[in-house]
Protein chains: 2
Amino acid sequence: MDTRDRIIQSAARLFHEQGYAATGVATILREADVNSGSLYHFFPSKEALLENVLDSYLARLYPEIMEPMEKSEPDPVSRVLKLMDWYTGFLDENGCRLGCPVGNLALEVSDTHPQLRSLIDRNFENWTSIIHGWLEEAGAALPAGCNRRALARFILTVMEGGVMQSRAAGSTVPMEQSVEQLKSYFDALTRQAAQELAPIARSA
Amino acid sequence: MDTRDRIIQSAARLFHEQGYAATGVATILREADVNSGSLYHFFPSKEALLENVLDSYLARLYPEIMEPMEKSEPDPVSRVLKLMDWYTGFLDENGCRLGCPVGNLALEVSDTHPQLRSLIDRNFENWTSIIHGWLEEAGAALPAGCNRRALARFILTVMEGGVMQSRAAGSTVPMEQSVEQLKSYFDALTRQAAQELAPIARSA
DNA sequence: GTTATAGTTGATTGATCATTCAACCAAGCA
DNA sequence: TGCTTGGTTGAATGATCAATCAACTATAAC
């Protein structure tokens with residue numbers, strides 16, 4: 001890996017573990033085994049470095065997380081449910097630490113750094129668009145009148161909110177309970193969709 | 001207001017606006033119009049000061065936000081829906097900035113400061129317990145088998161996740177869409193509860 | 001009036017902060 | 001061989017960081 005990529009990788013890891021403000025440039029330099037001059041040769045500032053970290057997150061979401069999901073699970077609704085479990089598992093594997101690198105930055109820098117805010121937003125939009133695609137792919141498995149864009153947003157909302165509480169609790173319980181509720185909502189939606197398709201059938 | 005309270009108030013405001021790491025003690029001193037010796041007379045460290053800020057959040061949630069809600073809206077289900085709108089309104093009034101002071105800190109310091117993490121958790125638990133109480137109060141308006149504790153957690157999850165995305169987007173749309181979905185879930189639950197109460201009646 | 005207690009003052013500490021820069025080096029090309 | 005380009009070195013900068021502390025003041029107790 002070349003110097004530039006090594007800097008981005010180290011910065012990404014440290015920003016994720018410690019946050020943006022709490023991470024010193026000196027620590028990034030040590031971690032990447034690079035001198036300060038090299039870092040400032042590639043990036044004009046610490047903020048610009050974070051911009052590149054966010055760019056790399058944006059570029060990697062689909063090929064590294066979403067595309068493998070598509071290949072391992074053909075049914076779009078099951079795939080969405082699987083994704084929820086994947087996030088819960090990720091949280092568990094890390095002992096309820098770290099969480100979402102983009103979400104962390106969203107709350108830390110959105111108000112004070114407009115440029116970064118917009119890049120974070122693009123990351124969220126990208127995530128939402130992919131899931132939106134899956135939900136459209138689900139076709140009649142979801143109710144016809146269901147706002148699938150809003151539903152995709154809602155899934156991200158629940159993932160981020162659940163992760164936040166689980167990190168604070170030091171336990172996966174809040175995340176699991178949130179996912180349980182979201183799945184119960186999904187159940188209601190798919191049941192409604194099934195009824196729309198077969199309006200004659202009735203439950204006892 | 002005495003010196004100690006002035007320090008806590010200024011610290012709370014600045015931590016909320018800029019984050020914990022990004023806020024310097026010198027800025028707090030200037031804001032509170034206090035000398036450093038005074039601050040360190042009351043609080044042994046910046047971290048201890050944040051602990052007191054979190055204590056004050058914990059003490060103020062019920063009397064300042066939840067109790068007024070209870071007094072203005074007697075029906076517990078309507079009250080929960082009203083609370084969602086209240087958070088959306090708060091976000092809007094602040095131009096999609098600030099967000100939840102506890103949520104911000106949860107993502108910034110949970111991993112690195114165990115003491116603070118536990119205090120943040122207590123704030124979330126407090127919030128959840130109050131809403132859990134409301135949902136129990138709702139009685140048969142919700143399905144008998146519904147996990148009301150998990151549902152209370154879920155509402156907090158959606159609030160925090162929605163606020164995060166709205167701050168990143170600089171727009172209330174993500175928050176509104178998330179609340180819309182949550183209300184639709186609530187609708188499904190109350191409809192189910194109504195059916196449990198009147199099992200004979202059927203829809204066309 | 002004396003003495004203790006609680007709180008205030010603000011200069012000072014050494015560490016760490018992000019950033020700069022002149023010197024240096026290796027590879028490619030003339 | 002000399003020149004250019006892209007990258008590296010690491011000491012140095014001034015600002016800001018959290019925290020300290022000895023001196024000082026106001027209040028209350030006796």
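Below, chain A is the first sequence line, B the second, and so on; all start at residue 1.
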Bounds of contact between DNA chain D and chain A, in 5' to 3' order, using a heavy-atom cut-off under 4.0 Å: D:dG7 to D:dA11
Which residues share a side-chain hydrogen bond (donor to acceptor under 3.5 Å, both in side chains) with A:Glu108, sequence neighbours left out: none
Nucleic acid contacts - residues 13-25 of chain A versus DNA chain C, non-hydrogen atoms under 4.0 Å: A:Thr23, A:Gly24, A:Val25
Donor-acceptor contact present, side-chain A:Arg117 to main-chain B:Ala168, <3.5 Å: yes
Of all pairs that satisfy salt bridge (charged side-chain N to carboxylate O under 4.0 Å, His left out), the ones with a partner from residues 172-184 of chain A, not counting sequence neighbours: A:Asp85-A:Lys183
side-chain hydrogen bond (donor to acceptor under 3.5 Å, both in side chains) contacts touching residues 45-60 of chain B (sequence neighbours left out): B:Arg4-B:Asn52, B:Ser56-B:Arg60, B:Arg60-B:Glu64
Test item: side-chain donor near acceptor, A:Thr112 and B:Gln18, under 3.5 Å: no
Under-4.0 Å side-chain N/O to phosphate OP1/OP2 contact, A:Ser36 with C:dA18: no
B:Arg30 CZ - C:dG10 P separation (whole Å): 15 Å
Residues within residues 37-53 of chain B bordering DNA chain C, heavy-atom distance below 4.0 Å: B:Gly37, B:Ser38, B:His41, B:Phe42
Residues forming a ring pair (Phe, Tyr, Trp, His ring centres under 6.0 Å) with A:Tyr62, sequence neighbours excluded: none
Strictly under 3.5 Å: I want the nitrogen or oxygen pairs between protein and nucleotides 13-15 of chain C, one per line.
none

Closest approach of B:Ser110 to B:Ile120 (non-hydrogen atoms, all atoms of both residues): OG-CD1, 4.4 Å
Any B:Asn35 side-chain nitrogen or oxygen under 4.0 Å from OP1 or OP2 of C:dG10: yes
Spacing of A:Asp92 atom CG and A:Thr172 atom OG1 [to the nearest 0.5 Å]: 5.0 Å
Set of side-chain contact (heavy atoms from CB on, under 4.5 Å) partners for B:Ala194, sequence neighbours left out: none
Nearest-angstrom distance from the residue atom CD1 of A:Ile28 to P of C:dT16: 16 Å
Ring pair (Phe, Tyr, Trp, His ring centres under 6.0 Å) against B:Tyr87, all qualifying residues, sequence neighbours excluded: none
Salt bridge (charged side-chain N to carboxylate O under 4.0 Å, His left out): pairs with one or both residues in residues 129-157 of chain A, sequence neighbours excluded: A:Arg79-A:Glu137, A:Glu125-A:Arg149, A:Glu125-A:Arg153
A:Gln115 atom CD, neighbour heavy-atom count above 12 within 6.0 Å: no
Output side-chain donor-acceptor pairs under 3.5 Å for residues 30-44 of chain A, partner residues at least two apart or in another chain, one line each.
unit_1	atom_1	unit_2	atom_2	d
A:Glu31	OE2	A:Arg13	NH1	2.8
A:Glu31	OE2	A:Arg13	NH2	2.8

